[in-house]
Number of protein chains: 2
Amino acid sequence: MDEKTVSKFIESWGTMGSVWGINASMARIHALLIVSERPLSLDHIAKTLRISRGNASMCLKELRNWGVVRLVKEPGDRQDYYVTEPDVWKMFFAIARERKRREFDPVLTVVRETLSPLHKGASDIVRLRLKQMEDLLTTLNFIAERSLTNDKRARSVLSFLSRFVRKKNLKE
Amino acid sequence: MDEKTVSKFIESWGTMGSVWGINASMARIHALLIVSERPLSLDHIAKTLRISRGNASMCLKELRNWGVVRLVKEPGDRQDYYVTEPDVWKMFFAIARERKRREFDPVLTVVRETLSPLHKGASDIVRLRLKQMEDLLTTLNFIAERSLTNDKRARSVLSFLSRFVRKKNLKE
DNA sequence: TTCTTAATTCAGTACATTCTAAATGTATCA
DNA sequence: TGATACATTTAGAATGTACTGAATTAAGAA
């Protein structure tokens with residue numbers, strides 16, 4: 001594999017990371033592990049990506065929390081080695097699930113708490129908007145909730161959806 | 001409508017904004033317009049939310065770009081007044097569409113460009129991962145692309161999806 | 001136990017984003 | 001035309017986020 005292409009890949013995956021809300025260092029580490037056949041040590045990762053060992057350590061901890069990388073030990077070696085979770089899709093769902101839980105759910109609760117009392121004393125127009133917001137949030141939450149319960153289901157939802165939009169397209 | 005509840009709603013919608021990638025001021029302005037029956041002037045908005053007129057101006061410009069608010073003129077009045085797009089769902093799709101176009105699409109192009117040359121000289125294991133990444137990105141892009149072409153379709157995809165996951169849940 | 005090597009934590013720094021307020025631009029009115 | 005009333009732009013301040021590197025902790029080896 002060409003050195004230069006590998007690094008271009010790593011950088012672009014870093015940018016993609018920030019698109020869906022994980023920071024660039026995390027995504028770059030992840031990309032590096034994806035193109036590496038063998039487990040890599042923290043030291044190796046930090047050196048290759050020119051980031052501090054401290055930062056690498058924190059990112060890897062976080063990536064383990066997301067369920068995206070795994071730590072492997074080699075007998076007779078004190079260093080920790082890291083490998084990527086082999087299934088990329090599974091990984092994607094893990095991230096989606098985590099982000100929903102950490103960011104969406106808590107805010108959803110608060111928004112909902114305020115939405116219902118607002119209905120009182122609101123004009124019809126405003127009430128309609130609030131109702132729509134409530135429905136939108138409920139639908140999104142419902143879909144995410146049910147889709148992400150497990151990876152198998154998530155996958156089947158995605159593939160189904162993919163077929164559905166293709167069919168839709170032919171019709172119109 | 002209770003003053004206090006309104007402001008709690010505005011703040012929590014602000015937080016929700018940052019979850020899906022629009023900044024807090026923008027989301028707060030948006031929330032304020034949602035609970036307001038009548039169009040509001042820039043000055044009124046800035047005063048109510050305790051933000052500078054400059055900031056309000058920039059946020060409103062951006063919200064107009066997203067297709068989320070609209071400017072209305074009142075005859076015999078020099079001020080600009082703003083109203084929210086009445087259909088909350090439509091608005092949500094507009095945001096999704098814009099974010100995809102601005103952020104996801106450009107990165108997707110770059111990642112794809114690097115993915116294919118990487119295949120050469122990669123081990124089977126790595127090649128499998130790269131293939132999976134490609135498939136995942138393609139599927140996501142495909143779904144988003146097709147779903148978001150127009151609001152009517154987007155809505156039907158969502159409602160269909162919602163029914164699908166409900167059925168799935170009963171079965172298992 | 002102490003020595004050694006590696007991982008982790010964290011205070012401070014660098015960088016990025018968001019916001020303010022003053023300056024500038026624009027349209028309407030007298 | 002100049003004066004007025006508003007909107008917009010922008011330089012720099014404030015705030016927030018990510019990162020570094022030194023200090024600390026942990027754990028295997030002697």
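Quick caveat: nothing in here was measured; it's all calculated off a predicted structure. Side chains are part of it too, since the values below use all heavy atoms of this structure and drop only hydrogens, waters and symmetry mates. The sequence lines fix the lettering, A, B, ..., with proteins before strands; numbering per chain opens at 1.
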Does D87(B) have any side chain to side chain contact (heavy atoms under 4.5 Å, CB included) partners at least two apart in sequence or in another chain, and if so, which?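 D87(B): side chain to side chain contact (heavy atoms under 4.5 Å, CB included) contacts with Q132(A), E85(B), W89(B), K90(B), R155(B).
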Counterpart residues, side chain to side chain contact (heavy atoms under 4.5 Å, CB included), relative to S123(B) (two or more places apart): E37(A), I125(B), V126(B)
Do any of residues 45-56 of chain B sit with a heavy atom less than 4.0 Å from DNA chain C, and if so which?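 Hits under 4.0 Å, by residue number: R50(B), I51(B), S52(B), G54(B), N55(B).
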At 4.0 Å (heavy atoms only), tell me whether D80(A) reaches a base, stays on the sugar-phosphate, or touches nothing. sugar-phosphate
Which part of the nucleic acid, if any, lies within contact of R28(A), taking any heavy atom under 4.0 Å across all strands shown: a base, the sugar-phosphate backbone alone, or nothing?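 No contact.
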State whether [X] and [Y] are salt-bridged, where the test is any N-O pair (Lys NZ or Arg NE/NH1/NH2 against Asp/Glu carboxylate O) under 4.0 Å.
{"X": "D77(B)", "Y": "K73(B)", "result": "no"}
{"X": "E98(A)", "Y": "R101(A)", "result": "yes"}
{"X": "K131(B)", "Y": "D135(B)", "result": "yes"}
{"X": "D151(A)", "Y": "R97(A)", "result": "yes"}

If you apply the rule side-chain contact (heavy atoms from CB on, under 4.5 Å), what do you find for H44(A) with Q79(A), and how did you get there? CA-CA 11 Å; H44(A) 180 99; Q79(A) 282 181 97; over 6 Å; no
Distances under 3.5 Å only, N/O to N/O: pair up the protein atoms with those of nucleotides 14-17 of chain C.
none

Would you say R112(B) has more than 12 foreign heavy atoms packed within less than 6.0 Å of its CZ?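 Yes, enclosed.
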[X] [atom1] to [N] [atom2], straight-line distance once rounded to whole Å:
{"X": "I22(A)", "N": "dT17(D)", "atom1": "CD1", "atom2": "P", "answer": "17 Å"}
{"X": "Y81(A)", "N": "dT5(C)", "atom1": "OH", "atom2": "C1'", "answer": "12 Å"}
{"X": "D77(A)", "N": "dG28(D)", "atom1": "CG", "atom2": "P", "answer": "12 Å"}
{"X": "E74(A)", "N": "dA6(C)", "atom1": "CD", "atom2": "C1'", "answer": "15 Å"}
{"X": "E62(B)", "N": "dT9(D)", "atom1": "CD", "atom2": "C1'", "answer": "15 Å"}
{"X": "Q79(A)", "N": "dT4(C)", "atom1": "CD", "atom2": "P", "answer": "18 Å"}
{"X": "L60(B)", "N": "dC19(C)", "atom1": "CG", "atom2": "P", "answer": "13 Å"}
{"X": "M58(A)", "N": "dT24(D)", "atom1": "CE", "atom2": "P", "answer": "18 Å"}

Is [X] near enough to [N] that one of its side-chain N or O atoms lies under 4.0 angstrom from OP1 or OP2?
{"X": "S57(A)", "N": "dT9(C)", "answer": "no"}
{"X": "S41(B)", "N": "dC6(D)", "answer": "no"}
{"X": "K61(B)", "N": "dT9(D)", "answer": "yes"}

Can you give me the closest heavy-atom contact between A27(B) and G14(B), atom names plus distance? CB-CA, 3.7 Å
According to side-chain hydrogen bond (donor to acceptor under 3.5 Å, both in side chains), who are the partners of N65(B), at least two apart in sequence or on a separate chain? none
Measure up the W13(B) and W20(B) rings against each other and bin them: parallel (under 30°), tilted (30 to 60°), perpendicular (over 60°). perpendicular
All N/O contacts under 3.5 Å from nucleotides 26-30 of chain C to the protein, with atom names and distances to one decimal?
unit_1  : atom_1 : unit_2 : atom_2 : d
dT28(C) : O2     : R78(B) : NH2    : 3.1

So, taking the atom named CG in D80(B) and the one named CD in E74(B), what distance separates them when rounded to the nearest 0.5 Å?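 If we round to the nearest 0.5 Å, D80(B):CG and E74(B):CD are 10.5 Å apart.
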